[in-house]
Amino acid sequence: MEWDSTGDYKLVIGKIIKGIAGVYEVYTENAGIWECKPKGIFRNQKRKPLVGDNVTLELLDTEKKKALIIELLPRKSELIRPAVANVDQAVIVFAVKDPEPNWNLLDRFLILMKKQNIPVVICFNKIDLISEEDCIEIEKGYRNSGYEIQFLSAKKEVGTEQLKSILKKKTTVLAGPSGVGKSTLVNLLQSEVVMETGAVSEKIRRGKHTTRHSEFIWLEEDTYILDTPGFSSLEIEGIEAEELKEYFPEFIPLEEQCRFRGCVHENEPDCAVKKAVKEGSIARRRYDSYLLLYRDVKGKKKYK
């Protein structure tokens, strides 16, 4: 932090908690929340500030709380979809019913997070709408994938304490399709938040409405969530069709048992992955999703 001749702050470090149309809200520990625009040099360098970025501000108007973002500090992680920075993990929220889960969309998200080395927790909401047997069947699909799975009902406040323990002391991006109850869950997670004087402005605790932009939310000390807008599609980019199998962890231990080296588990004979699907140790739903993705990625390359 630097000071000017009057003893006021001139340069401070803060964190972007919201960004809309090129205007950012930046939280600073000792000076509150500032409305900021980035320096033009970032546009020339094709660098865009992201929610979650740590930044250096030049304070321009202390009365109106306006400042200029003059430096983007190094990121420990960066996501493209959703576009956020400096997260420790992702929680992907899907409803078990109403709407019916889009398994291929879920697998696309898992691939994108794995590509960026972001750990994922799969959170299935609205379990009050299905039976325990149905939950067990859903869990089977991802049992061998290595992902942590949580079942909850935000409406009934079931399973939320377990989720809070997963979020504790971490910065978590919360993502999922529209209509899965994500906003209800976010409001529930915030329901017992008590703001410490001078620690975090009440503005960081957003109103109870559907998310239309990524937003940084404080839950407790060293615990934050980045709430993001719902999505209905995700593109897989930067991955070759032949690499896709590496993003399905349950396939990897079986690779050496396939007859052909480099088997992509599609039409090859004596494929250990296809055998495992037939025997039920790999979920048919998960394998079908892989084939759909494989053919999609392969087809895009063919017509480029």
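As the structure is a computational prediction, the values presented were derived from the model and not from experiment. Sequence positions, counted from 1, serve as the residue numbers for this chain.
In this structure, the side chain of D227 does not engage the main chain of E215 through any donor-acceptor pair within 3.5 Å. A donor-acceptor distance shorter than 3.5 angstrom exists from the side chain of N125 to the backbone of A154, with no hydrogens or angles considered. Side chain of E256 to backbone of L254: no donor-acceptor contact under 3.5 angstrom is found. A distance-only check finds a donor-acceptor pair linking the side chain of N144 to the backbone of S281 [under 3.5 Å]. Proximity of a side-chain donor or acceptor of T28 to a complementary backbone N or O of G32 within less than 3.5 Å is detected. Distance alone, capped at 3.5 Å, is enough to place a donor-acceptor pair between the K274 side chain and the E268 backbone. Of the possible donor and acceptor atoms, none in the side chain of T56 sits under 3.5 Å from a partner among the backbone N and O of I13. The closest donor-acceptor contact from the side chain of T160 to the backbone of V158 lies at 3.5 Å or more, if one exists at all.
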Worked verdict on I166 versus Q89 for side chain to side chain contact (heavy atoms under 4.5 Å, CB included): CA-CA 10 Å; I166 291 169; Q89 63 181 0; 3.8 Å; yes

Criterion side chain to side chain contact (heavy atoms under 4.5 Å, CB included) on V93 and V180, from CA distance to verdict: CA-CA 7 Å; V93 182; V180 299; 3.9 Å; yes

I20/V23 under side chain to side chain contact (heavy atoms under 4.5 Å, CB included): CA gap, chis, key distance, verdict: CA-CA 5 Å; I20 304 174; V23 179; 5.9 Å; no

Criterion side chain to side chain contact (heavy atoms under 4.5 Å, CB included) on D296 and I236, from CA distance to verdict: CA-CA 9 Å; D296 180 45; I236 301 296; 5.8 Å; no

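Side-chain contact between K48 and R43: absent, with no pair of heavy atoms (C-beta onward) separated by less than 4.5 Å. Looking only at side-chain heavy atoms (C-beta outward), C36 and L57 come within less than 4.5 Å of each other. Side-chain contact between L112 and L79 is absent, with no heavy-atom pair separated by less than 4.5 Å. With contacts defined as side-chain heavy-atom distances shorter than 4.5 Å, the pair N187/Q190 qualifies. K65 is not listed as a side-chain neighbour of I33, based on a closest heavy-atom distance of 4.5 Å or more. Using a 4.5 Å cut-off on side-chain heavy atoms (C-beta onward), K39 and I69 make no contact. For the pair K275/K278, no side-chain contact is recorded, criterion being any heavy-atom separation below 4.5 Å from C-beta on. Looking at P49 and V55, their side chains never come closer than 4.5 Å, going by heavy atoms from C-beta outward.
Here the closest heavy-atom approach between residue R286 and residue P249 is recorded as NH2-CD, 3.8 Å. Here the closest heavy-atom approach between residue V273 and residue C258 is recorded as N-SG, 4.3 Å. Closest approach of E63 to D61, counting heavy atoms only: N-OD1, 3.0 Å. Closest approach of W34 to T62, counting heavy atoms only: CH2-CA, 3.8 Å. Of all heavy-atom pairs spanning A85 and L226, the tightest one is O-CD1, 4.0 Å. Nearest heavy atoms, V264 versus Y294: CG2-OH, 3.5 Å.
To the nearest 0.5 Å, atoms NZ (K182) and CD1 (I92) are separated by 9.0 Å. The CD1 atom of I225 lies 7.0 Å from the CG atom of L167; values are rounded to the nearest 0.5 Å. Atom CD1 of I17 is separated from atom CG of D53 by 13.5 Å, given to the nearest 0.5 angstrom. Remark: L185 CG to S153 OG distance equals 10.0 Å, nearest 0.5 Å. Interatomic distance, S289 OG to D107 CG, rounded to the nearest 0.5 Å: 3.5 Å. With rounding to the nearest 0.5 angstrom, the CG atom of L189 is 7.0 Å from the CG atom of L174.
The side chain to side chain donor-acceptor pair (under 3.5 Å) test applied to D270 returns R259, not counting sequence neighbours. In this structure R285 satisfies the side chain to side chain donor-acceptor pair (under 3.5 Å) test with no other residue, sequence neighbours excluded. For E58, the side chain to side chain donor-acceptor pair (under 3.5 Å) test picks out no residue, with sequence neighbours left out. For I252, the side chain to side chain contact (heavy atoms under 4.5 Å, CB included) test picks out no residue, with sequence neighbours left out. For the side chain to side chain donor-acceptor pair (under 3.5 Å) test, residues two or more places apart in sequence or in another chain that qualify with K15 are N54. Residues passing the side chain to side chain contact (heavy atoms under 4.5 Å, CB included) test with D88, sequence neighbours excluded: K76, K170, T171. For E78, the side chain to side chain contact (heavy atoms under 4.5 Å, CB included) partners two or more places apart in sequence, or in a different chain, are L50, R75. In this structure L292 satisfies the side chain to side chain contact (heavy atoms under 4.5 Å, CB included) test together with N104, sequence neighbours excluded. Residues forming a ring pair (Phe, Tyr, Trp, His ring centres under 6.0 Å) with Y142 (at least two apart in sequence, or on another chain): none.
I136 is not connected to I138 by any chain of hydrophobic side-chain contacts under 4.5 Å among Ile, Leu, Val, Met, Phe, Trp and Tyr, and they are in different clusters.
Between E246 and K114, none of the side-chain N atoms (NZ, or NE/NH1/NH2) sits under 4.0 Å from a carboxylate O, so this pair counts as no salt bridge. Under the 4.0 Å criterion applied to side-chain N and carboxylate O atoms, E220 and K168 are assigned as salt-bridge partners.
Judged as a ring-ring contact (aromatic ring centres under 6.0 Å, His included), not a single pair has a partner in residues 56-94 (not counting sequence neighbours). Counting only residues at least two apart or on different chains, no salt bridge (charged side-chain N to carboxylate O under 4.0 Å, His left out) pair has a member in residues 120-134. Within the structure, ring-ring contact (aromatic ring centres under 6.0 Å, His included) pairs that include any residue of residues 232-286 comprise F248-F251, F248-Y290, F251-H265, F251-Y290 (at least two apart or interchain).
Within 6.0 Å of the CD atom in E157, the count of heavy atoms belonging to other residues, nucleotides or ligands does not exceed 12. For NZ of K97, the number of neighbouring non-hydrogen atoms (other residues, nucleotides, ligands) closer than 6.0 Å is 12 at most. Within a 6.0 Å radius of NZ in K155, other residues, nucleotides and ligands contribute 12 heavy atoms or fewer.
A side-chain contact (heavy atoms from CB on, under 4.5 Å) with L293 is found for exactly one of I239, L244, D288, namely L244.
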